[in-house]
Amino acid sequence: MKGLHKLVFAFSILLMVASCGKKNSTPTRHFFTYKVAISNKIKEPTIVNGYYGHMNLYEGDFSTQDSTKTPEAVDKCILLFETKNKDFIESTSYMKDGVKFYNLKKLKKEGIEAKFEIIPNKHGFYQVDNNSTSYLALIRLNKKTGYYKGGLHTLDILNNELKSLEFRIDYKAKF
């Protein structure tokens, strides 16, 4: 019996020594991006708090009163970022033909991802409940390029309020 106790004790010491060489594992912080696609059946808000509206593409000459041009509904993804990333997101901006764009590829490379990705329906309609949190908004034009007229836009905190907001892609339009 004494030999069995010594063997168990030696085995326990061996396990403790073997585990000492391992790195101390700290819990990892998980970040989730929520992708929300709006049903094509929805044409008006079904939420009671947050933002809603349409995403429209303006291309061409809208400057004359007799112009028959109308904007086209589009379903480009709306990216909502945490406000703590504002300075870095702004650092990825660049100008092209007098228009401010954002390098989404650079953001992804640095690990900055949108908290929400809102995909409007075929009518261009979107809605988002911002859960009493302020977010930064951009429109994803393609995998590499983000845009918002005039630069990065802040969606302010709303409490029991519904606010209409048009997302416009209008850098190829004349007004």
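Residues Ile157 and Thr133 share a closest heavy-atom pair of CG1-C, 3.8 Å. For Gly124 against Ala73, the heavy-atom pair with the smallest separation is N-CB, 3.8 Å. Between Ala137 and Leu152, the closest heavy-atom pair is O-CD1, 3.8 Å. Between Ile89 and Thr92, the shortest heavy-atom contact is O-OG1, 2.7 Å.
Every residue two or more places apart in sequence or in another chain that forms a side chain to side chain contact (heavy atoms under 4.5 Å, CB included) with Leu57 is listed here: Glu59, Glu72, Val74, Ile169. Listed by chain and number, the residues in a side chain to side chain donor-acceptor pair (under 3.5 Å) with Ser134 amount to none (sequence neighbours excluded). Partners of Asn56 under the side chain to side chain donor-acceptor pair (under 3.5 Å) rule, at least two apart in sequence or in another chain, are Glu166. Under the side chain to side chain donor-acceptor pair (under 3.5 Å) criterion, Lys76 pairs with no residue at all, not counting sequence neighbours. Residues passing the ring-ring contact (aromatic ring centres under 6.0 Å, His included) test with Tyr58 are Phe62, Phe175, sequence neighbours excluded.
Residue pairs meeting the salt bridge (charged side-chain N to carboxylate O under 4.0 Å, His left out) criterion with at least one partner in residues 95-107, sequence neighbours excluded, are Glu90-Lys100. Pairs engaging residues 151-164 under the side-chain hydrogen bond (donor to acceptor under 3.5 Å, both in side chains) rule: Ser132-Asn159 [sequence neighbours left out]. Sorted by first and then second residue, the pairs that involve residues 121-130 and meet side-chain hydrogen bond (donor to acceptor under 3.5 Å, both in side chains), not counting sequence neighbours, are Thr46-Gln127, Asn49-Asp129.
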Side-chain donor-acceptor pairs under 3.5 Å in residues 143-151, sequence neighbours left out?
residue, atom, partner, partner atom, Å
Thr145, OG1, Asn142, OD1, 3.2
Tyr147, OH, Asp170, OD1, 2.7
Lys149, NZ, Asp170, OD2, 3.1

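Here the NE2-CZ distance, from His54 to Phe125, works out to 6.0 Å after rounding to the nearest 0.5 Å. Between Asn85 atom CG and Ile112 atom CD1 the span is 4.5 Å, to the nearest 0.5 Å. The CD1 atom of Ile139 sits 10.0 Å away from atom SG of Cys77, with the distance rounded to the nearest 0.5 Å. Taking CG from Asn131 and CG from Leu158, the interatomic distance works out to 11.0 Å, rounded to the nearest 0.5 Å.
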Show your reasoning for whether side-chain contact (heavy atoms from CB on, under 4.5 Å) applies to Ile119 and Ile78. CA-CA 6 Å; Ile119 303 166; Ile78 300 167; over 6 Å; no
Could you go step by step and tell me if Leu162 and Ile47 meet the side-chain contact (heavy atoms from CB on, under 4.5 Å) rule? CA-CA 8 Å; Leu162 199 55; Ile47 58 175; 3.7 Å; yes
Applying side-chain contact (heavy atoms from CB on, under 4.5 Å) to Leu80 and Leu155, what does each step give before you reach the verdict? CA-CA 9 Å; Leu80 300 182; Leu155 296 180; 3.5 Å; yes
Derivation of the ring-ring contact (aromatic ring centres under 6.0 Å, His included) call for Phe116 and Tyr135: CA-CA 9 Å; Phe116 291 96; Tyr135 288 102; 5.5 Å; yes
Checking side-chain contact (heavy atoms from CB on, under 4.5 Å) for the pair Glu117/Leu79: CA distance, chi angles, key distance, verdict? CA-CA 5 Å; Glu117 295 181 9; Leu79 303 173; 3.7 Å; yes
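In this structure, the side chains of Phe81 and Lys115 stay at 4.5 Å or more apart for every pair of heavy atoms.
Aromatic ring centres of Tyr94 and Tyr102: separated by at least 6.0 Å.
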